[in-house]
2 protein chains.
Amino acid sequence: MDDKKIRNMEEFAAVSGISRPTLSKFFNDPSSVRASTRQRIEAALDRYDYRPNLYAINQNRRLTKNIGIIVPYLADPFFAEIARNIEEHILSTGYRPVLLGSHGSPDQEIENLENLRLLKPAGVLLAPLGRASDQARIAAFCEEVPTVLFDANVGSAGLAFVGSNNDQSIDLIVDYLCRTGEPPAFFEMKEPSNPNAYKRRHAYLAAMERLNHTPHLIQAAGEGWEFEEIGFREGTRVVRDRNLPTDTILCSNDRLAIGFLSAAYEAGIRVGLGTDCTMRVAGHDDHPFSRYTCPTLTTVSQDYEAIARKSAETLMNLIEAEKPADSREETLFDGRLVMRGSA
Amino acid sequence: MDDKKIRNMEEFAAVSGISRPTLSKFFNDPSSVRASTRQRIEAALDRYDYRPNLYAINQNRRLTKNIGIIVPYLADPFFAEIARNIEEHILSTGYRPVLLGSHGSPDQEIENLENLRLLKPAGVLLAPLGRASDQARIAAFCEEVPTVLFDANVGSAGLAFVGSNNDQSIDLIVDYLCRTGEPPAFFEMKEPSNPNAYKRRHAYLAAMERLNHTPHLIQAAGEGWEFEEIGFREGTRVVRDRNLPTDTILCSNDRLAIGFLSAAYEAGIRVGLGTDCTMRVAGHDDHPFSRYTCPTLTTVSQDYEAIARKSAETLMNLIEAEKPADSREETLFDGRLVMRGSA
DNA sequence: CCTCAAACTTTACGCGCGTAAAAAATAAAT
DNA sequence: ATTTATTTTTTACGCGCGTAAAGTTTGAGG
């Protein structure tokens with residue numbers, strides 16, 4: 001490695017013996033130059049460490065190779081995990097992922113979109129906050145930048161949507177719970193931040209009706225994204241009052257369930273399937289921590305990997321197709337029952 | 001809001017009646033122009049929505065207003081939370097945070113550094129993987145870019161270090177445990193990824209010696225960042241073998257403790273302080289999930305907010321001082337005992 | 001060896017903004 | 001009103017690269 005410093009492509013052209021326009025082609029797409037030329041460039045490239053100036057590259061491009069990824073809450077391992085998967089897919093296609101978290105705040109979400117706009121991204125993968133989102137501004141953004149929504153819909157904004165089939169997954173777990181014990185009550189937030197929560201509530205109601213059982217909603221007060229806290233607080237109340245018509249609780253998501261299980265434990269209630277247990281609890285999502293709850297949490301998995309892959313692929317296709325997309329594609333993945341100790 | 005689209009600063013100069021160089025000054029620092037001028041610009045700014053092209057701005061600057069933030073593992077709520085705090089501090093100083101996670105991989109960590117280098121950041125806040133890190137390349141990077149390390153040190157790379165006082169915090173919890181029951185054994189990974197783990201091990205050994213107790217290390221096999229999994233696996237083994245010289249386990253970090261507690265629960269061991277309990281477990285970090293374990297986890301808190309604030313402030317000072325920094329500052333924050341149910 | 005398309009080189013311009021220098025305008029102070 | 005310091009305008013160049021156009025070289029196929 002020569003340590004002579006290369007300042008720009010011109011200088012690199014000089015030392016490598018390749019003309020600047022050809023180098024430019026190479027850096028945009030190494031396979032666009034003849035194999036022998038490519039080898040010469042790559043040989044020079046590991047003698048002198050030169051990389052084109054990112055800002056100069058992107059200044060002229062109308063679109064960059066950036067792909068924005070926005071999730072509502074990075075401290076939630078669920079989203080962190082999905083984001084990680086998406087990042088990998090993006091990287092494998094030669095694009096550059098730019099990950100932003102909205103910290104549960106609609107303002108931050110809009111701020112993130114504004115910042116992304118400055119990056120002139122080729123496309124954006126957006127998991128919106130949901131009900132709290134500024135729908136109009138998100139829709140406006142989607143008009144400007146090719147955007148695929150995932151996890152949650154915002155009206156019909158975006159070129160496509162990828163998410164979970166809440167009807168199917170809730171059906172699955174309600175069926176299971178009814179088959180193996182008392183029909184479940186549904187534990188959720190009264191005013192959930194996430195639109196999936198509404199879908200799950202309706203799916204629960206429909207499933208219970210289908211099975212000829214009386215549905216029962218337990219709705220926790222509270223706002224924001226501290227779901228465990230809310231689950232714990234309301235769980236404590238529910239357990240104290242003991243006026244449930246059933247011993248089985250289906251939580252709208254695993255994070256609520258984590259809080260609920262903690263509350264039950266603190267109250268001395270044994271949760272699970274054993275003979276000494278007086279309650280069953282199930283969740284939804286197969287959150288990374290759900291296998292370490294006490295007892296381990298029975299839940300319905302969301303197919304992280306599939307959602308991540310499909311979202312990324314859909315966006316890449318839309319970007320590379322370049323045509324205005326004939327229709328808005330919605331893809332829903334089925335959940336899978338994950339049987340553990342809690343129900 | 002006029003909807004006439006402004007393409008560049010020239011056009012905005014035309015419609016606002018302000019010359020382009022003055023506008024340029026304004027966008028770099030609004031307080032650098034006369035108040036009356038500033039008002040005229042801001043008035044124009046909300047009639048026409050124009051924002052300078054990010055790439056053109058940064059092309060000429062030797063340094064940008066970007067601040068890189070790298071953490072070893074974004075799916076760990078501990079790091080997600082610290083990163084969030086840092087982001088806020090950065091934003092409040094008018095810089096732009098760029099958050100990257102290394103996914104527990106040394107290659108990804110280097111990749112992140114390389115990518116950051118292209119962004120010509122004014123500075124970088126780096127929480128390195130630790131032992132797995134490529135020390136030489138990190139040191140080289142720190143030579144080029146003003147970098148403050150936090151959470152973990154890598155040799156003496158970087159202009160400053162901000163972290164926790166492991167000696168103090170381990171002392172604190174060992175003292176507490178000894179005072180209230182049997183002296184603890186120390187549960188850790190045999191070959192931990194994190195250098196803090198070594199500090200904690202030594203702090204444990206020293207504390208036990210100081211109190212005239214025989215130390216006892218329980219070292220779990222396993223690599224990577226799936227700490228809960230490792231804690232669960234080894235916890236299951238420990239509980240099964242039942243050849244511990246003590247009923248008290250101090251875990252090197254909360255994530256190990258979360259796995260351990262789960263294992264104890266599965267094995268039917270009651271953990272905590274009650275008369276029916278046969279084991280005590282404590283952790284370290286005050287991980288966001290540690291208040292929802294069963295029982296809730298007694299631990300030592302790391303001062304997230306202080307570490308985040310101090311790291312960000314230190315870096316900003318170094319950037320704005322512009323002088324080559326006379327000495328490498330190390331700041332360690334004390335831990336605070338968080339008494340919950342498990343010990 | 002010749003032909004010809006593909007790949008490369010040469011030349012030149014433009015992107016949007018930073019920024020320097022000199023001239024002009026403004027505001028503050030005498 | 002005049003001087004003076006400050007701010008703004010005018011003018012002009014440069015950053016590093018994308019990219020178009022025209023000319024030249026390369027190498028595969030006949």
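Since the structure is predicted, the reported quantities are computational estimates derived from the model, not experimental observations. Quick note: numbers below take in every heavy atom, side chains included, and nothing from hydrogens, waters or symmetry partners. Below, chains carry the letters A, B, ... as their sequence lines are ordered, and counting in each starts from 1.
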Acceptor/donor pairs from residues 153-160 of chain B side chains to any protein atom, 3.5 angstrom cut, sequence neighbours excluded:
| residue | atom | partner | partner atom | Å |
| --- | --- | --- | --- | --- |
| B:Asn153 | OD1 | B:Arg328 | NH2 | 2.7 |
| B:Asn153 | ND2 | B:Glu330 | OE2 | 3.3 |

Any salt bridge linking A:Arg117 with B:Asp49? Criterion: basic side-chain nitrogen under 4.0 Å from a carboxylate oxygen.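 Between B:Asp49 and A:Arg117 there is a salt bridge, with a charged N closer than 4.0 Å to a carboxylate O.
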Partners meeting salt bridge (charged side-chain N to carboxylate O under 4.0 Å, His left out) with [X] (sequence neighbours left out):
X: B:Arg309; result: B:Glu305
X: A:Glu313; result: none
X: A:Arg131; result: none

Could you work out how much the helix from C:dC1-D:dG30 to C:dT30-D:dA1 bends, comparing the axis of its first five pairs with that of its last five, to 10°?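 Taking five pairs per end, the axes differ by 0°.
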Checking salt bridge (Lys or Arg N to Asp or Glu O under 4.0 Å) for the pair B:Arg137/B:Glu114: CA distance, chi angles, key distance, verdict? CA-CA 10 Å; B:Arg137 299 192 66 173; B:Glu114 289 294 330; 3.2 Å; yes
For [X], all residues meeting side chain to side chain contact (heavy atoms under 4.5 Å, CB included), sequence neighbours excluded:
X: A:Lys65; answer: A:Tyr95
X: A:Ile82; answer: A:Phe78, A:Ile86, A:Phe150, A:Tyr304, A:Ile307
X: A:Ala140; answer: none

Residues from residues 50-60 of chain A lying under 4.0 Å of DNA chain C - heavy atoms: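 Close to the strand are A:Gln59, A:Asn60.
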Indicate the atoms forming the closest heavy-atom contact of B:Pro121 with B:Leu116, along with that distance.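 That closest heavy-atom pairing would be CD-O, 3.0 Å.
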Contact class for B:Arg61 vs. all strands (heavy atom < 4.0 Å): base, sugar-phosphate, or nothing?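 Since no nucleic acid heavy atom lies under 4.0 Å of B:Arg61, the category is nothing.
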Taking heavy atoms of chain A and a 4.0 Å limit, find me the 5'-most and 3'-most nucleotide of DNA chain D within that range.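 With heavy atoms of chain A under 4.0 Å away, the range is D:dG16 to D:dT26.
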Short side-chain N/O contact from A:Thr22 to OP1 or OP2 of C:dA7, under 4.0 Å: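 So the side-chain polar atoms of A:Thr22 never come under 4.0 Å of the phosphate oxygens OP1 or OP2 of C:dA7.
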A:Glu87 and B:His103: side-chain donor and acceptor closer than 3.5 Å?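 Yes, B:His103 and A:Glu87 have a side-chain donor paired with an acceptor closer than 3.5 Å.
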Could I get the full list of ring pair (Phe, Tyr, Trp, His ring centres under 6.0 Å) partners for A:Phe27, not counting sequence neighbours?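 With neighbours one apart ignored, the set is A:Tyr50.
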Does any N or O in the side chain of A:Ser133 come within less than 3.5 Å of the main-chain N or O of A:Gln135, such that one atom is a donor and the other an acceptor?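 Not confirmed, A:Ser133 side chain does not pair with A:Gln135 backbone.
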Going 5' to 3' through nucleotides 20-30 of chain C, assign each nucleotide B (protein heavy atom under 4.0 Å from a base atom), S (under 4.0 Å only from sugar-phosphate atoms) or - (no protein heavy atom that close). ------SS---
